[in-house]
Amino acid sequence: MFRPRIPVNPSPTGIVTPHTSGIKPLHKSSPPVTSHHTPAAPGRLPVQLTPGSTVALMAAGGAVVLVVGAVLVSMLLAVAITGVSLAVVAVVLRLLVKDLQRGL
(Lines give C-alpha, C1' and ligand atoms only; values in the text may rest on other atoms or scores of the structure.)
Protein backbone atom coordinates (compact mmCIF):
# COMPACT_ATOMS: atom_id res chain seq x y z
CA MET A 1 0.00 0.00 0.00
CA PHE A 2 2.72 2.50 0.91
CA ARG A 3 5.21 1.32 -1.69
CA PRO A 4 5.57 3.49 -4.79
CA ARG A 5 4.35 1.89 -7.97
CA ILE A 6 6.77 2.44 -10.80
CA PRO A 7 5.30 1.80 -14.23
CA VAL A 8 7.29 -0.66 -16.28
CA ASN A 9 7.94 0.24 -19.90
CA PRO A 10 9.91 -2.62 -21.46
CA SER A 11 10.59 -0.85 -24.77
CA PRO A 12 11.60 2.81 -25.08
CA THR A 13 8.86 3.95 -27.45
CA GLY A 14 8.59 7.54 -26.24
CA ILE A 15 4.99 7.01 -25.17
CA VAL A 16 4.44 7.88 -21.55
CA THR A 17 2.27 5.44 -19.71
CA PRO A 18 0.10 7.19 -17.12
CA HIS A 19 0.44 6.18 -13.52
CA THR A 20 -2.84 5.01 -12.07
CA SER A 21 -2.94 5.49 -8.36
CA GLY A 22 -6.35 3.97 -7.84
CA ILE A 23 -8.11 7.33 -7.50
CA LYS A 24 -11.57 7.19 -8.99
CA PRO A 25 -12.69 10.04 -11.26
CA LEU A 26 -15.26 12.47 -9.90
CA HIS A 27 -17.71 11.83 -12.72
CA LYS A 28 -18.26 8.43 -14.19
CA SER A 29 -18.68 9.93 -17.64
CA SER A 30 -15.29 11.68 -17.65
CA PRO A 31 -12.53 10.02 -19.67
CA PRO A 32 -9.49 8.64 -17.86
CA VAL A 33 -6.66 11.05 -17.23
CA THR A 34 -3.78 10.61 -19.63
CA SER A 35 -0.49 12.43 -19.65
CA HIS A 36 0.98 13.54 -22.93
CA HIS A 37 4.69 13.69 -23.49
CA THR A 38 5.78 17.30 -23.97
CA PRO A 39 9.17 18.11 -25.38
CA ALA A 40 11.65 19.68 -23.00
CA ALA A 41 12.17 23.40 -23.21
CA PRO A 42 15.17 24.27 -25.35
CA GLY A 43 18.29 25.08 -23.40
CA ARG A 44 20.10 28.37 -23.48
CA LEU A 45 22.01 29.16 -26.56
CA PRO A 46 25.75 29.43 -26.07
CA VAL A 47 27.11 32.95 -25.94
CA GLN A 48 29.10 33.79 -29.02
CA LEU A 49 31.90 36.26 -28.43
CA THR A 50 33.23 38.23 -31.35
CA PRO A 51 36.62 39.94 -31.17
CA GLY A 52 34.88 43.31 -30.75
CA SER A 53 32.73 42.13 -27.88
CA THR A 54 35.75 40.51 -26.22
CA VAL A 55 37.63 43.83 -26.34
CA ALA A 56 34.56 45.64 -25.00
CA LEU A 57 34.27 43.17 -22.11
CA MET A 58 37.95 43.55 -21.29
CA ALA A 59 37.65 47.35 -21.35
CA ALA A 60 34.58 47.26 -19.12
CA GLY A 61 36.34 44.92 -16.69
CA GLY A 62 39.37 47.19 -16.59
CA ALA A 63 37.16 50.21 -15.94
CA VAL A 64 35.41 48.41 -13.08
CA VAL A 65 38.76 47.45 -11.54
CA LEU A 66 40.00 51.05 -11.79
CA VAL A 67 36.84 52.51 -10.26
CA VAL A 68 36.76 50.01 -7.38
CA GLY A 69 40.48 50.57 -6.79
CA ALA A 70 40.03 54.36 -6.71
CA VAL A 71 37.17 54.06 -4.22
CA LEU A 72 39.14 51.74 -1.94
CA VAL A 73 42.26 53.94 -2.06
CA SER A 74 40.22 57.06 -1.29
CA MET A 75 38.60 55.33 1.70
CA LEU A 76 42.02 54.24 2.97
CA LEU A 77 43.31 57.78 2.51
CA ALA A 78 40.33 59.19 4.42
CA VAL A 79 41.00 56.82 7.33
CA ALA A 80 44.70 57.75 7.35
CA ILE A 81 43.98 61.49 7.33
CA THR A 82 41.46 61.08 10.14
CA GLY A 83 43.98 59.12 12.21
CA VAL A 84 46.71 61.72 11.72
CA SER A 85 44.39 64.58 12.58
CA LEU A 86 43.21 62.82 15.75
CA ALA A 87 46.84 62.26 16.75
CA VAL A 88 47.63 65.96 16.27
CA VAL A 89 44.55 66.96 18.29
CA ALA A 90 45.58 64.58 21.08
CA VAL A 91 49.10 66.09 21.23
CA VAL A 92 47.73 69.64 21.29
CA LEU A 93 45.22 68.80 24.04
CA ARG A 94 47.94 67.12 26.08
CA LEU A 95 50.11 70.21 25.83
CA LEU A 96 47.22 72.49 26.80
CA VAL A 97 46.34 70.34 29.82
CA LYS A 98 49.99 70.29 30.88
CA ASP A 99 50.21 74.09 30.61
CA LEU A 100 47.03 74.51 32.64
CA GLN A 101 48.37 72.23 35.40
CA ARG A 102 51.66 74.21 35.58
CA GLY A 103 49.82 77.50 35.91
CA LEU A 104 47.85 76.40 38.96
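Quantities reported herein were computed from a predicted structural model and do not represent experimental measurements.
Every residue was checked against the side-chain hydrogen bond (donor to acceptor under 3.5 Å, both in side chains) condition with Thr54, not counting sequence neighbours, and none meets it.
Side chain of Ser53 to backbone of Leu49: no donor-acceptor contact under 3.5 angstrom is found.
The hydrophobic cluster around Leu86 extends to none of the other residues, as no ILVMFWY side-chain heavy atom falls under 4.5 Å of it. The hydrophobic side chain of Met58 is isolated, with no ILVMFWY side chain under 4.5 Å apart from it.
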Please tabulate, for the side chains in residues 60-80, all donor-acceptor contacts under 3.5 angstrom to protein atoms that are two or more places apart in sequence or on a different chain.
| from | atom 1 | to | atom 2 | distance (Å) |
| --- | --- | --- | --- | --- |
| Ser74 | OG | Ala70 | O | 3.2 |
| Ser74 | OG | Val71 | O | 2.7 |

